[in-house]
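Down below is the structure, laid out as structure tokens.
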Amino acid sequence: MRINPRITNRLVRWGLVAQAYCTVTVLVLIIGIIFFKGFPQVNFAFIFSFPQDMGRHGGIFPAIVGTIQLALLSILLATPLGVGTAIFLTEYTRESTFTKLIRFGVESLAGIPSILYGLFGFIFFVIKLKMGWSLLAGVLTLTIMILPTIIRTSEEAVRAVPRQLRIVSYSLSASKWETIKKVVLPAAMPGILTGIMLSIGRAVGETAAIIFTMGSSLRLPLSLMESGRTMAVHFYILAREGISMEKAYGTAVVLVLSILFVNIIAYYIMNKAIARYS
Amino acid sequence: MIDRAVLKEQFVKWVLVAFALSSLLFLFLIFAFILGEGLPLFLKVGVKKIILGMKWAPTKGYFGIFPMIISSFLVTVGALVIGAPLGLSCAIYLSEYSGKRMKILLKPAIELLAGIPSVVFGFLGVVYIVPLVRNYLGGSGFSLISTSLVLGIMILPTIISISFDALVSVPKTYREASAAMGATKWQTIYKVIIPSAKSGILASFILGMGRAIGETMAVIMIAGNALKIPTSLLDPLRTLTGNIALELAYATGDHRLALFSTGVVLMIIIMVLNYIANFGIKRKIAK
Amino acid sequence: MCLRWFVLLPFIMGLLISCGSNNSSSTGMQKITVAGSTSVMPFTEKLAEHFMLDSRDVTIDVQGGGSTAGIQAVINRTVDIGMSSRELKDDEKVLNRIVICYDGIVVVVHKNNPVTALTLDQIRGIFSGNISNWRQLGWVNRKIDAVSREEGSGTRGAFEELIMKDKEINDSTMVQDSNGSVKEVVATDPYAVGYISMGLVDEKVKPVSIDGIRPSIQTIRSGQYKIVRPFLYLTNGQPNKRARRFIDYVLSRDGGQRILKNEGLVGVHD
């Protein structure tokens, strides 16, 4: 039997709408459950006090600080490397075997799953370079992990800067580096910042690569050679070992909120940039 | 003065070259160290005994990871069965049907889904999906089906955003030509748009597979991690990633080397998947 | 500006690293590092928390890693104290071995499970796959969800040695990577059975008696309950001064031993 195409058309439409809403529902459910169960746990003391009894009581202050330290330090290292690579790829070379090779490297790095970064960081930084489980080993592993994201977004941003801007700058007898520094980079800044924000999001949410390089000490890391715990790792341990479901939900709220926050900033910057160029 | 300016330009250039090379250096280091730790055991025990070996008891000299390769493959296919249709329909809805307002709402929502840490997915899976499966379908709940379901949701953002890009990049003239011939919207999508966005859609599936096969923390929370090859949807299973994460902290000697061998196998699988996906995307751009 | 940052960054990082490593010595804090068995770790963390309340000039850094890793770390002198939940092998016996307490390994089931007693043979049967249905143990017709620890774990090693003997743990047994996560699975799955350290048993799970003997501090002390292993602290040679202070605290009747007893472990003085 042949069904009237118009009826199929309508059926498909409803099917697709249903599935799209299904996806949104899943998202709303995930966020909803976390917030509903976790919000009662979050208060001033939870954020600013130290955990007691392995996290069964008290707050998550060291985990918050650990997360910030890890994210900021790895961004600090990855940004110059990533933006530098992007500038090199767009401004200093034409497409060649060399750039293809670098792009291949970046693509491959982006595809490696985090557990393999963890494996690498564990054997290279922790064991071979004798850093032990430390903030430093975590930072270096994460730097490599977020590098591809920063390179890709920065390259897109630098490429999107209109050619005229550069031509004008050169005509004012600015050198190449001056042009990049004074004209191209400021114009590309929103795109670069978006990439940085997305990388922070990834750093905050990462577990597998961190737990084998930074360890899971509950103490506040005071130096780069000390071990520490990020919120994601703390959440993982609380939930998996069944230490305290309430505290786990509370940690999850802070975790998801900070990722939400970072994403919103990224969106804000990106939309502003789009508004400027169109 | 001029010399200094030229010198500076040269200096900057070489610094940037060094930066660009760093990615390659890192990739090389990762390869070198994972292979360096993982390959010796292949030579010592034999490739066949590791890849096709059925028994994993590394402290007693058995290093077979065949069940884990199969299990990784099964959860990945399972995730795709759940994530691919949902993701593709979502992408079609977004690119062809939804109004501007819906698009503004949905796109960030999906990207937010991508940003939620995998441990949160794993946790919710343990707390809500595992008991559901246990109570209504049987078994312990830590199973192939729970893992596939959670991974299926986790790969949705990847599938949606890449297939969306592929669908949007189909030229408007195709749609107009099809509509001019009296085709309904669905006929246009089914006969014209999907075929011309095929390679991009396939690439999104493959990248989704890559994400599913590489996922670790969520999987060890839900999969149950039994060593046997699952014989039903309700059996627990252990993936390659799970094997590494479960035992790395304790392992020494050959046991640790065996975990790196597991890593080598995982890396090869991922590299092949990425190569296929990139190849697919490139062909699309070439067209 | 930009250029300067690009070049300066590595130096700044270097500076941070060197500052960081000086940090602990410049503040006059003494640091004790402890690493090893994840079974001993939660108790050590608790001991350390209390110890640091009394001695504010000392910080204790407690890490997991597993018994074997802990033993290696002491041998390499990368940590002051190693923790082990298994006995030393012959080549490891050069270390200074301090028993801090004894721990029973208990078999636990869900709190609503009517099965309260098992024989050693039955437990062996469950984990080796010969007994796979609760009906065989006088309960409902439902598959037993057995949960074990991962290969290389000290608790698994002790379980294999004390209970399984020559039998192997079946491949269809689920595996979790810590005592806590085994407990969590047993607490949520009504048909599960697992084994954990006695110190971790609480109202979430129900321990079963083995061959008619209930696991408790009394039965361990009287020698009736036989599935017991020591928790060890290990030092390379005599412990240094700061480590000595912590170990003395742990072994003292009113200090560490009381805390350990409150946690459900059997002290060394009993």
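Because the structure is predicted, anything quoted here is derived from the model rather than measured.
Using a 4.5 Å cut-off between non-hydrogen atoms, the part of residues 24-32 of chain B that approaches chain A consists of B/Leu24, B/Phe26, B/Leu27, B/Leu29, B/Ile30. Scanning residues 88-99 of chain A against chain B with a 4.5 Å heavy-atom cutoff picks out A/Phe88, A/Tyr92, A/Phe98, ordered by number. Within residues 102-111 of chain A, the residues approaching chain B closer than 4.5 Å by heavy atoms are, in numerical order, A/Ile102, A/Phe104, A/Gly105, A/Val106, A/Glu107, A/Ser108, A/Leu109, A/Gly111.
Using a 30° and 60° split on the angle between ring planes, B/Phe33 and A/Phe120 fall in the perpendicular class, above 60°.
The residue among B/Val127, B/Ile189, B/Leu124 with the most heavy atom pairs within less than 4.5 Å of chain A is B/Leu124. Ranked by heavy-atom pairs shorter than 4.5 Å toward chain A, the options B/Ala20, B/Gly122, B/Gly214, B/Ser23 are led by B/Ala20.
If you measure heavy-atom distances from B/Ile270 to chain A, the contacts under 4.5 Å come from the side chain alone. Using a 4.5 Å cut-off between heavy atoms, B/Phe121 contacts chain A through its side chain alone, with no backbone atom that close. If you measure heavy-atom distances from B/Val17 to chain A, the contacts under 4.5 Å come from both the backbone and the side chain.
By the salt bridge (Lys or Arg N to Asp or Glu O under 4.0 Å) test, A/Lys176 pairs with no residue at all, sequence neighbours left out.
No donor-acceptor pair under 3.5 Å is formed between the side chain of A/Asn263 and the backbone N or O of B/Leu112. Remark: side-chain polar atoms of B/Gln187 are not paired, donor with acceptor, to backbone N or O of A/Pro5 under 3.5 angstrom.
Contact detail for A/Ile115 and B/Ala245: the closest heavy-atom pair is CD1-CB, 3.9 Å.
Checked against a 6.0 Å centroid threshold, the rings of B/Phe123 and A/Tyr249 count as neighbours.
Separation of atoms CZ (B/Arg256) and CG (A/Leu119) is listed at 10.0 Å; rounding is to 0.5 Å. Interatomic distance, CD1 of A/Ile210 versus CE of B/Met217, reported as 10.0 Å (0.5 Å rounding).
Using a 4.0 Å cut-off between charged nitrogen and carboxylate oxygen, A/Lys128 and B/Glu37 count as a salt-bridge pair.
Within a 6.0 Å radius of NZ in B/Lys103, other residues, nucleotides and ligands contribute more than 12 heavy atoms.
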